[in-house]
Amino acid sequence: MTFDLFDNLPEPDSRGGEHSEAIGPGAVVLRGFALSRALALRQAIEQVHAQAPFRHLVTPGGFRMSVAMTNCGTLGWVSDERGYRYDPNDPDSGRPWPAMPAVFVELAREAAAAAGYPGFVPDACLINRYTPGTRLSLHQDRNERDLHAPIVSVSLGLPAVFLFGGARRADRPARIRVAHGDIVVWGGPSRLFYHGIAPLADGDHPLLGTLRLNLTFRKAG
DNA sequence: GAGTGCCG
DNA sequence: GTAT
């Protein structure tokens, strides 16, 4: 007598291996959702980077973040010794953040709708660049004016372990592997849940080499 | 009004 | 794996 341990695994649907997994109340992972647009997304990120280079921000406590960041959209998330905030201008250049590429807006809109949040129109996109060893410890996204809108988080390049906790920092986070093309969407009851990224493992991705790039879409204003 | 930070 |  043998048991098939895989009997209860969710079956990918017919769209080229795409499927979704619930990870919490109002929270879902859309597997492979961004895959077909990965090349266009990489090109768009390069264009943003040309106008607003990646940089390592400093936390209010004075610590340099290991993740390098830039933004596009009408508002960008920034941190310095004075605190966290959304700013219409890049503090390094004094100029407005680059416009959000159309491929970004459309992907975020579609992903949110697929996760049960129709009508999502992001005005801020934080772009995070991870190299092996880089992490983002548990935190909440709560500087946005509109907490009704969800968070849409797109993974590109090297895989990572997404930590998805609860409403309190002490809630033990689930460890969810996120790969190239996956999108995590959370909102409603889980909008303020703590989350983070475990230290990135070494690796070499065919499209992005030794990098993980993450796009986080928000309605901040 | 602190905090997406570090360590063994 | 965890400890704050």
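We name chains A, B, ... by the order of the sequence lines, and we start the count at 1 in each one.
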Thinking salt bridges, do A:Arg145 and A:Asp123 make one under a 4.0 Å N-O criterion? no
Rounded interatomic separation in angstrom, taking [atom1] from [X] and [atom2] from [N]:
X: A:Asp141; N: B:dG3; atom1: CG; atom2: C1'; value: 12 Å
X: A:Tyr130; N: B:dG5; atom1: OH; atom2: C1'; value: 14 Å
X: A:Asn214; N: B:dT4; atom1: CG; atom2: P; value: 18 Å
X: A:His56; N: B:dG5; atom1: NE2; atom2: P; value: 12 Å
X: A:Tyr194; N: B:dA2; atom1: OH; atom2: P; value: 15 Å
X: A:Leu200; N: B:dT4; atom1: CG; atom2: P; value: 20 Å
X: A:Glu81; N: B:dA2; atom1: CD; atom2: P; value: 14 Å
X: A:Ile197; N: B:dG5; atom1: CD1; atom2: P; value: 11 Å

Restricting to side chain to side chain contact (heavy atoms under 4.5 Å, CB included), what partner residues turn up for A:Arg82, sequence neighbours left out? A:Asp80, A:Arg85
Can you sort out the partners of [X] under side chain to side chain donor-acceptor pair (under 3.5 Å), two or more places apart, ordered by chain and number?
X: A:Thr216; result: A:Asn214
X: A:Gln51; result: none
X: A:Glu144; result: A:Tyr86, A:Arg191

When all nucleic acid strands are considered with a 4.0 Å heavy-atom cut-off, which category describes [X]: base, sugar-phosphate, or nothing?
X: A:Arg169; answer: sugar-phosphate
X: A:Gly83; answer: base
X: A:Asn128; answer: nothing

Roughly how far apart, to the nearest Å, are C:dT4 and B:dA2 at atom C1'?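 16 Å, rounded to whole Å.
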Under a 3.5 Å threshold, yes or no: a donor from one side chain and an acceptor from the other, between A:Ser66 and A:Arg135? no
Candidate nucleotides [options], ranked by approach to the side chain of [X] - the nearest:
X: A:Arg172; options: B:dA2, B:dG5, C:dT2; result: C:dT2
X: A:Pro60; options: B:dA2, B:dG3, B:dG5; result: B:dG3
X: A:Arg175; options: B:dT4, B:dG1, C:dG1; result: C:dG1

For nucleotides 6-8 of chain B, which of its nitrogen or oxygen atoms have a protein nitrogen or oxygen under 3.5 Å away, and what is each distance?
none

With sequence neighbours left out, write down each residue that passes ring pair (Phe, Tyr, Trp, His ring centres under 6.0 Å) with A:Phe193, or none if nothing qualifies.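 Applying ring pair (Phe, Tyr, Trp, His ring centres under 6.0 Å) to A:Phe193 gives A:Phe164.
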